[in-house]
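Worksheet: one structure, shown below.
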Amino acid sequence: MDIRPNHTIYINNVNDKIKKEELKRSLYALFSQFGQVMDIVAMKTMKMRGQAFVIFRELAAATNALRQLQGFPFYNKPMRIQYAKTDSDLISKMRGTYGDKEKKKEKKKKALEQAANVNKKPAGTVNTQPPPPATVQVPDNPPNYILFLNNLPEETNEMMLSMLFNQFPGFKEVRLVPGKHDIAFVEFESEAQAGVAKDALQGFRITATCAMKITYAKK
């Protein structure tokens, strides 16, 4: 029987040699292209090795990610993705729907109170935040088949960038700069192909705070 669509997708056949924190960051970088990721659950217990759950805010985002990334080579292993079963204990616990009705009510009440408090706080701070770096016009060089990336977060690695850019035709390789975590180069087969990737990923946030800036590399 088919599992019906769910905000949460279940991934298996994940490379279990990757450290948990790196795995979660890489999954976030890959899946957040499709929509807001609320949480990622990956555990290194024997029972849960090689598996992960990605929880999206929007059902459409979960559906799109499932279709687009089915079989995607993630750390050299093709991902197998399906909707999570609605009665999964793990996800139920995270959503606060696990346990008897009284516990549910109590959790729901607490969640509503927390949500009310959380919603109150940002209201006053929204206007004081500077505009995200992505809105700043990035000075550029003449078109080139090599892109120059900067403003990358410290945890960026070659695998994360490869996963982002190899969705675009003509992708050849990522080159990191030793000793400089915040910059990298990405090479394509042609200037036009590099331009498509540049426009699509300009301002992409690998983490919540760092919006990637992309320019053509100097010839």
Checklist entry - Got a donor-acceptor contact below 3.5 angstrom from the Asn13 side chain to the Pro78 backbone? => result yes
Next on the checklist: Given 3.5 Å as the limit, does a donor-acceptor pair link the side chain of Gln202 with the main chain of Asp199, or not?
Outcome noted: no
Checklist entry - Is there a side-chain contact (heavy atoms from CB on, under 4.5 Å) between Gln36 and Met38 once you walk through the steps? => result CA-CA 6 Å; Gln36 188 178 349; Met38 303 295 290; 4.0 Å; yes
Next on the checklist: Strictly below 4.0 Å, N to O, side chains only: are Glu22 and Lys20 in salt-bridge contact?
Outcome noted: no
Item to check | Phe56/Thr8 under side-chain contact (heavy atoms from CB on, under 4.5 Å): CA gap, chis, key distance, verdict | outcome: CA-CA 6 Å; Phe56 284 95; Thr8 302; over 6 Å; no
Item to check | Among Gln68, Met79, Arg25, the one residue meeting side-chain contact (heavy atoms from CB on, under 4.5 Å) with Leu30 | outcome: Met79
Next on the checklist: What's the separation between atom CG in Leu27 and atom CE in Met160, rounded to the nearest 0.5 Å?
Outcome noted: 9.5 Å
Next on the checklist: Would a single hydrophobic cluster contain both Phe72 and Tyr75, if residues Ile, Leu, Val, Met, Phe, Trp and Tyr are joined by side-chain heavy-atom contacts under 4.5 Å?
Outcome noted: yes
Checklist entry - Taking Ser26 for the side chain and Leu23 for the main chain, is one N or O donor matched with an acceptor at less than 3.5 Å? => result no
Checklist entry - If every non-hydrogen atom of His7 is compared with every non-hydrogen atom of Ala62, which pair is closest and at what distance? => result O-CB, 3.6 Å
Next on the checklist: Looking at Glu154, I want to see if its CD is surrounded by more than 12 non-hydrogen atoms of other residues, nucleotides or ligands under 6.0 Å.
Outcome noted: no
Item to check | Gln33/Gln167 under side-chain hydrogen bond (donor to acceptor under 3.5 Å, both in side chains): CA gap, chis, key distance, verdict | outcome: CA-CA 11 Å; Gln33 303 166 69; Gln167 306 164 78; 2.7 Å; yes
Item to check | Whether Asn15 side chain and Lys77 backbone form a donor-acceptor pair below 3.5 Å | outcome: no
Next on the checklist: Can a donor-acceptor pair be found, under 3.5 Å and without considering hydrogens, that links the side chain of Lys219 to the backbone of Pro143?
Outcome noted: yes
Next on the checklist: Quick check: Phe185 with Phe148 (ring centres under 6.0 Å apart)?
Outcome noted: yes
Checklist outcome for this item: d(Tyr216 OH, Asn141 CG) to nearest 0.5 Å is 10.5 Å
Checklist entry - In Å, rounded to the nearest 0.5 Å, how long is the span from CD1 of Ile183 to NZ of Lys180? => result 5.0 Å
Checklist entry - Do Leu161 and Leu149 have side chains that get closer than 4.5 Å, going by heavy atoms? => result yes
Checklist entry - Does a side-chain heavy-atom distance below 4.5 Å link Arg205 with Met212? => result no
Item to check | For Asn157 against Leu176, the heavy-atom pair lying closest together | outcome: C-CD1, 4.2 Å
Item to check | Any Asp39 side-chain heavy atom under 4.5 Å of Tyr28 side chain | outcome: no
Checklist entry - Do the side chains of Leu201 and Phe165 get nearer than 4.5 Å, heavy atoms only? => result yes
Item to check | Closest approach of Asp16 to Gly50 (non-hydrogen atoms, all atoms of both residues) | outcome: CB-N, 3.9 Å
Item to check | Evaluation steps, side-chain contact (heavy atoms from CB on, under 4.5 Å), between Asp182 and Asn151 | outcome: CA-CA 5 Å; Asp182 60 336; Asn151 201 38; over 6 Å; no
Next on the checklist: A side-chain contact here means heavy atoms from C-beta on lying under 4.5 Å apart; do Val186 and Lys198 qualify?
Outcome noted: no
Next on the checklist: Could you check whether any side-chain heavy atom of Phe53 comes within less than 4.5 Å of a side-chain heavy atom of Ile11, counting everything from C-beta outward?
Outcome noted: no
Item to check | Heavy atoms from other residues, nucleotides or ligands near CZ of Arg57 exceed 12 (cutoff 6.0 Å) | outcome: no
Next on the checklist: According to a hydrophobic-cluster definition based on side-chain heavy atoms being under 4.5 Å apart (Ile, Leu, Val, Met, Phe, Trp, Tyr only), do Ile146 and Val177 belong together?
Outcome noted: yes
Item to check | Donor-acceptor under 3.5 Å (Asn6 side chain, Ala84 main chain) | outcome: yes
Checklist entry - Is any side-chain heavy atom of Leu147 less than 4.5 Å from a side-chain heavy atom of Phe188? => result yes
Checklist entry - What's the spacing between Phe74 CZ and Phe31 CZ if we round to 0.5 Å? => result 7.5 Å
Next on the checklist: Would Lys85 pass as a cation-pi partner of Tyr10, given that its NZ or CZ must be under 6.0 Å from the six-membered ring centre and within 45 degrees of the axis?
Outcome noted: no
Checklist entry - Are Tyr145 and Glu187 linked by a side-chain donor-acceptor pair shorter than 3.5 Å? => result no
Checklist entry - What is the distance from atom OH of Tyr83 to atom CG of Leu59, rounded to the nearest 0.5 Å? => result 6.0 Å
Next on the checklist: As an exercise, state the distance from CG of Asn12 to CZ of Arg49, rounded to the nearest 0.5 Å.
Outcome noted: 14.5 Å
Checklist entry - Is the shortest heavy-atom distance from the side chain of Phe34 to the side chain of Leu69 under 4.5 Å? => result yes
